[in-house]
Amino acid sequence: MLSEFDKPYNPKEHEDKIYKLWEESGFFNPDNLPNKKGEHFTIALPPPNVTGSLHMGHALNATIQDILIRKKRMESYQTLWLPGTDHAGIATQNVVERDLKKQGISRHDLGREKFLEKVWEWKEKYGDIILDQLKKMGASCDWSRTRFTMDTEYQEAVKIAFLHYQKKGWIYQGERVISWCARCRTSLSDLELEYQEEKGKLWFIKYPLAEAPTQGRSDDFVVVATTRPETMLGDSAVAVNPKDKRYKNLIGKKIILPIKNHEIPIVSDRRIEMDFGTGAVKITPAHDMLDEQIAITHKLPAIQIINEKGRMTKEAGEDFDGLKILEAREKVVKKLEELGLIEKIEDYTHNIAKCYRCGTTVEPLRSKQWFLKMSELAQLAMRDVKNKKVKFHPKKWEKIYLKWLSGVKDWCISRQIWWGHKIPIDGVDDVLDTWFSSALWPFATLGWPRAKSKGSDLEKYYPTQVLSTARDIINLWVARMVFSGVEFLGVSPFSDVIIHATILAKDGRRMSKSLGTGVNPMDLINKYGADATRFGLIWQAMGGQDIHWSEEHVVAGKKFCNKIWNAARFVLKQCQPSLKSDFGSQKKSDFFPGGKTSADKKILAQLKKTQKQVDKLIDKYEFGQALHILYDFFWHDFCDVYLEESKKNPNPEVLARVLKESLKLLHPFMPFITEHIWSKLPGVKNLLIIEEWAL
RNA sequence: GCGCCCAUAGCUCAGUGGUAGAGCGUUUGCAUGACACGCAAAAGGCCUGAGGUUCGAUCCCUCAUGGGCGCACCA
């Protein structure tokens, strides 16, 4: 029996087999669990994008959720971890478009129907890769309930949600300046922008006064500063602060817009900063959000000079029609120079908004879009956090959440792409923002709106208990799930939000593929095994603090696996000859089985203390702390001290007891090796995955 | 610009109002009857700087410096 117990533990030989054993047992599905407490414990897996492959953040998050799920399952909760994937509108469409481009085909060549067929094909082929990777991590999700945000039932849920909002009068169409990605050809919400610092220039342009008080002197001009000279072609005013003494007597006068050579007014507005640039600002209502606001106040016309393809329009003037933005910029600057209207050019570093999916510079454009009124929904989302129905761990993230909600603008929910949920209004071709459907995840996956009856999944598993996710989607996703849950079901979709650490490269910067600082969890699994990888992740996950990734801890995890393995070999060897200790027969009441010597008593007391601490720490989501304590107990107290003692005077019953209880405690963290060793214990009948947790 | 977080051993990080710990690394022994992915020892830190509270601070407060992050963007 010990023959397959080779000296070093080799995870590759066991992990796939063990995972299969679990899947075949059916215990990932809460309906099949033998000991049911009657209480439910649900986690909805944050659905990874179908385009994605597992990164370190996913791996950490999956481990955290799996620890909670496995512990609760062992505590006899009816435990559901519901997995699935997100259709990830823009991201997926981009990937498929890129694929087609290799064959020289654009989505427009195919047309909407054909293109969507291609996307579905792609999804069927690659969409489950990330879920398979989660299996490699040991994630004990109920795969029989796997959902996709474009499932037929899910589409129905999205439609019902939209119509509900519409009925309430919260959906409206508006024409306003929004962020536009000319590459993706769609609008983007504020949260879908990423700002990048760029070195640019600040052009100081002289706008001549219509009625020059003096001829040829410097005060015949108003100088405006801009980073985007080409937008002057769409100017409809120059604005100054009413308190600005320099311009006081110019307010209300006319000024000539160069190149276009027509008069525009000088207006005053408090929103103009006096200290920046020259204090005089060119107003381009169709291509800047603040300018648009100012234009509304002063009833200025909005002239669209850039179209949705990122090209200049006819409105920009004959010379510019059809030019790309940067070409137009060059040409405008050249003309102004010829006219002697450039006062100076300064270097200027500023943040530029980029599309979070493709990195293209975002263009503020006036466009007709659909909006969801946020005022009341934001109140709901804030209420449940303020009254502690939803708690963040660590708590500091509540601030971020509340702050965003308190100033939130109406949500632009329409996107001009093809892959997604079509807006359910006849004659509208736009699709909904991906996050509109993600917001329904915790209940749309459980059958809402259809199944509300007794015994339905929705009734049993909603609300879920824990949401574990990354901090960058607190507003994008968490807030929207909270108000959706409250709006549609009257209860927040979860009570505890774990914001896990962000895994950074060793230098403290984000992992980057191009810099070669990225780490692939699958490589770690291949090299060290899934248990060691999980160990390495959790070992470093202390208090939600960002992790400067270092692989040594995975190495430590591998060594720890080996230690557990060899300790088990020793214990089995000690227990084998006497066969007195039947590992399967011990009852709760036998907690101090034959604890005669002081060493026996000591290790049993240490075990009990460790059990209590680990139990409490997991419940407090202090996974790193829990693992450190467990490690310390098992390696030092048990192996270094007690096992050594046992060589002189072995007590098989105590050895068996401590090993057994340790395996249980370790199982949520390192499920494979613990399950495997468990299966080797004589007299053991059940899988460890459903063994009773604590004493 | 506003806000948040971090600064402890060579590296990655724990920790406590009474003068510090882990993992990895390093040094020295040891093939001891589970494990060399090991065992036994050891070296290594005025706990970023300056003030303050306190009998006493690495831990509490203030400021500074360095690093990270979030929000808002100023044309």
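To find a chain, count down the sequence lines: A is the first, B the second, and so on, and within it residues start at 1.
Across B:rG38 and B:rU19, the matching C1' atoms stand 35 Å from one another, rounded to whole Å. Distance noted for atom C1' between B:rG45 and B:rA9: 5 Å (whole Å). Using C1' as the reference atom, B:rA20 and B:rU58 are 8 Å apart when rounded to the nearest Å. Here the separation of B:rG17 from B:rU26, taken at their C1' atoms, is 34 Å to the nearest Å. Look at the C1' atom in both B:rU54 and B:rC2: the space between them is 34 Å, to the nearest Å.
The CZ atom of A:Arg228 sits 16 Å away from the P atom of B:rC73 (whole-angstrom rounding). Rounded to whole Å, atom P of B:rC39 lies 19 Å from atom OH of A:Tyr642. Atom CZ in A:Phe570 sits about 11 Å away from atom C1' in B:rC35, given to the nearest Å. Rounded to whole Å, atom P of B:rA34 lies 6 Å from atom NZ of A:Lys647. Distance, A:Leu476 CG to B:rC71 P: 10 Å, rounded to whole Å. Put simply, CG on A:Asp546 is 11 Å from C1' on B:rG70, counting in whole angstrom units. The separation between A:Trp565 atom CH2 and B:rG38 atom P is 16 Å, rounded to whole Å. Separating the CZ atom of A:Phe623 from the P atom of B:rC13 is a distance of 20 Å, rounded to the nearest angstrom.
Contact annotation for A:Leu202: no contact, since no heavy-atom pair falls under 4.0 Å across all strands. A:Trp635 comes within contact range of the sugar-phosphate backbone alone, with a heavy-atom separation under 4.0 Å but no base atom that close. Contacts of A:Ala556 with the nucleic acid, taken as non-hydrogen atoms under 4.0 Å apart, involve only primed sugar atoms and P, OP1 or OP2. A:Asn351 comes within contact range of at least one nucleobase, with a heavy-atom separation under 4.0 Å. Across all strands, A:His628 comes closer than 4.0 Å to no nucleic acid atom at all (heavy-atom distances). At the heavy-atom level, A:Cys639 lies under 4.0 Å from base atoms of the strands shown. Residue contacts shown for A:His287 are absent, as no nucleic acid heavy atom lies under 4.0 Å away. Here A:Phe204 lies out of heavy-atom contact (under 4.0 Å) with every strand. No engagement by A:Phe560 is indicated, since no non-hydrogen atom pair under 4.0 Å with the nucleic acid exists.
Across every strand in view, B:rA75 sits unpaired, with no contact that passes the Watson-Crick or G-U test at under 3.5 angstrom. Nucleotide B:rC60 is matched to B:rG52 when pairs are restricted to Watson-Crick or G-U wobble geometry with both distances under 3.5 angstrom. The base-pairing partner of B:rG38, taking Watson-Crick or G-U wobble contacts with both distances under 3.5 Å, is B:rC30. Pair assignment for B:rC69 gives B:rG3, based on Watson-Crick or G-U wobble hydrogen-bonding distances that are each under 3.5 Å.
In this structure, of B:rA34, B:rA75, B:rG25, it is B:rG25 that holds the atom nearest to the side chain of A:Lys559. With B:rC13, B:rA75, B:rC4 as the choices, the nucleotide that has an atom nearest any side-chain atom of A:Lys399 turns out to be B:rC4. With B:rC24, B:rC69, B:rG33 as the candidates, the nucleotide lying closest to the side chain of A:Lys573 is B:rG33. Among the nucleotides B:rC5, B:rA75, B:rA14, the one closest to the side chain of A:Val281 is B:rA75. Residue A:Tyr195 has its side chain nearest to B:rC73 when only B:rC73, B:rU12, B:rA34 are considered. Closest to the side chain of A:Arg569, from the set B:rC35, B:rC74, B:rC13, is B:rC35. For A:Tyr631, the side-chain atoms get nearest to B:rG23 when compared with the rest of B:rC69, B:rG23, B:rA75. Considering only side-chain atoms of A:Asn562, the nucleotide from B:rC69, B:rA75, B:rC35 that sits closest is B:rC35. Of the candidate nucleotides B:rC74, B:rG23, B:rC35, B:rC74 has the atom lying nearest to any side-chain atom of A:Leu290. The side chain of A:Trp539 lies closest to B:rG23, out of B:rC39, B:rA34, B:rG23.
Note: A:Phe638 and A:Tyr642 have parallel aromatic rings, judged against thresholds of 30 and 60 degrees for the angle between ring planes. Ring geometry for A:Phe634 against A:Phe560 counts as perpendicular: the plane angle is over 60°, on a 0 to 90° scale with 30° as the lower cut. Using cut-offs of 30° and 60° for the angle between ring planes, the A:Tyr9 and A:His14 rings count as parallel. Between A:Phe483 and A:Trp411, the ring planes are perpendicular. Angles over 60° get that label, and only those under 30° would be called parallel. Between A:Trp565 and A:His676, the ring-plane angle classifies as parallel under the 30° and 60° cut-offs. Below 30°, between 30° and 60°, or above 60°: for A:Tyr348 and A:His350 the angle between ring planes is between 30° and 60°, a tilted geometry. Note: A:Tyr631 and A:Trp635 have tilted aromatic rings, judged against thresholds of 30 and 60 degrees for the angle between ring planes.
Evaluation of atom-type donor-acceptor distances gives a pair under 3.5 Å for the side chain of A:Glu644 against the base of B:rA34. Side-chain atoms of A:Lys558 come within donor-acceptor range of the base of B:rC37, with a qualifying N/O pair under 3.5 Å.
A salt bridge does not link A:Arg176 to A:Glu292: none of the charged side-chain nitrogens sits closer than 4.0 Å to a carboxylate oxygen. Ion pairing of A:Asp546 with A:Arg471 is present here, as a side-chain N (NZ or NE/NH1/NH2) and a carboxylate O approach within less than 4.0 Å.
The shortest distance between the side-chain N/O atoms of A:Lys563 and the OP1/OP2 oxygens of B:rC39 is below 4.0 Å. Not one side-chain nitrogen or oxygen of A:Gln540 sits closer than 4.0 Å to the OP1 or OP2 atom of B:rA14. Between B:rC11 and A:His548, no contact under 4.0 Å exists linking OP1 or OP2 to a side-chain N or O.
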